[in-house]
Q: 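Encoded as structure tokens, here's the structure I'll be asking about.
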Amino acid sequence: MNLLATHPPIEERIRRIDASLMTEDFKQDAKAQQFVQESIAPGISSLASQACPSSGEAADISFPPEMLTSIAGNPQAGHLDFAAQVISCLPTRAAEAVREPFGARAIIYCLLLNPEEDVRKVQLEKLIEESDPAVIKSAESLAPVIDTINREYRLPLAGLAIPALKLLSPAQYEMFLKNLKNLIEADKKISLFEYVLQRTIIHHLEPSFKRVAPPPVRYSLIDQVQVDCFLLLSILAWRSNAEYSISEESFRRGIEELKIGGSPSILAREKCGLSALDSSLERLTMASPQIKKKVLKACIACASADSLLTVDEADMLRLIADFLDCPIPPFIPKAYDHPSGVEYGQDRY
């Protein structure tokens, strides 16, 4: 896309040919492109810097809901640059590893290593029992590097490993899935990041190793999936804030986008488990494209009700968008100079 940089903006080129072609949809896409470029300008060029601060305060970043909707399924040049910059600022060993099957597996394993020493010991022991020695060796050398990667860069990094993971043999793939499961279950609980990472990887890799028929369209009315929508919005709302009144407001913003009758209330937090989310996502894959679009818009409205996105919200949105066949490119952090060094778990977009 950089080869086009010397040409006038596409909007100007179209206007010169025929101004009548400037539809509202195109204008909205142009605004989205401008938004992406403006949002990354201060930070993206310095991502490759060798400077690596040991700590920092993550800044809140505004993402207008309409712009998030515009870039869904429509990555801009800035997103491609972001992916390249993430690789370029990694140590050489990690940048090379993400491009080949042995290293890609090691990268994913390292992303799942628990920061608690006792849990990590159990994970590594199980990994040694079940994994290829070359992968173990690669993971051991990469672990100190991956430990420094900020939370907001971890899911994009996993995404960069997916093309190399598609080169695994069927037997290697089955072992890879088994190791993922073992790593995640080592501490007897599943974090949101672990859940999103596992579901994202399986969603993208399964069609490469198994005959997976496209899900049939069974739901063409929002009423048929409204329970699933209530669950998605409730989970996103609770991830936004633990305070009921604020979460309820986020939930209400999402409901407004669905345009359904009645005034449903946010589900109780204890009902918003990951197993219920699994079932809802599977059902929503069988919704019509029109319904999927409406659901995604509702989720975006809910998550960005305060015009901010936490890392958990961003990861959840990307997972939901993947299952709705309208993937969202990585949310580009504006305020960071390097993908390492910010206190783990405190990041906001």
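Position 1 is the first residue of the sequence, and the numbers go up from there.
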Q: What do you reckon, is CD of E116 surrounded by more than 12 foreign heavy atoms closer than 6.0 Å?
A: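 Open.
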Q: Nearest heavy-atom pair of R283 and D228: which atoms, and what distance?
A: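 Of all heavy-atom pairs spanning R283 and D228, the closest is NE-OD2, 2.8 Å.
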Q: Measuring only between side-chain heavy atoms, which start at C-beta, is L180 closer than 4.5 Å to I202?
A: no
Q: What's the shortest heavy-atom distance between A237 and S250, and which atoms?
A: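 So the minimum-distance heavy-atom pair works out to CB-CB, 4.0 Å.
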Q: Looking at every non-hydrogen atom in both residues, tell me the closest pair between A143 and L113 and how far apart they are.
A: CB-CD1, 4.1 Å
Q: Would you call V135 and N179 a side-chain contact if the rule is heavy atoms closer than 4.5 Å?
A: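 Contact flag for V135/N179 side chains = no.
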Q: How close do F323 and R199 get, counting heavy atoms only, and between which atoms?
A: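 Nearest heavy atoms, F323 then R199: CZ-NH2, 3.3 Å.
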Q: Pair D315, R151 - check salt bridge (charged side-chain N to carboxylate O under 4.0 Å, His left out), show working.
A: CA-CA 10 Å; D315 288 351; R151 172 69 170 79; 2.4 Å; yes
Q: Relative to the ring of F209, is the ring of Y173 parallel (under 30°), tilted (30 to 60°) or perpendicular (over 60°)?
A: parallel
Q: Quick one: closest heavy-atom pair of A186 and V122, and the distance?
A: CB-CG1, 4.4 Å
Q: Do you know the tightest heavy-atom contact between M286 and P215?
A: CG-CB, 3.9 Å
Q: Residues in salt bridge (Lys or Arg N to Asp or Glu O under 4.0 Å) with E243, at least two apart?
A: none
Q: Begin with the C-alpha distance, continue with both residues' side-chain angles, and end with the deciding distance and a verdict on side-chain hydrogen bond (donor to acceptor under 3.5 Å, both in side chains) for S304 and R253.
A: CA-CA 9 Å; S304 57; R253 294 283 189 90; over 6 Å; no
Q: List for me each residue that meets salt bridge (Lys or Arg N to Asp or Glu O under 4.0 Å) alongside K294, sequence neighbours excluded, and say none if there are none.
A: none
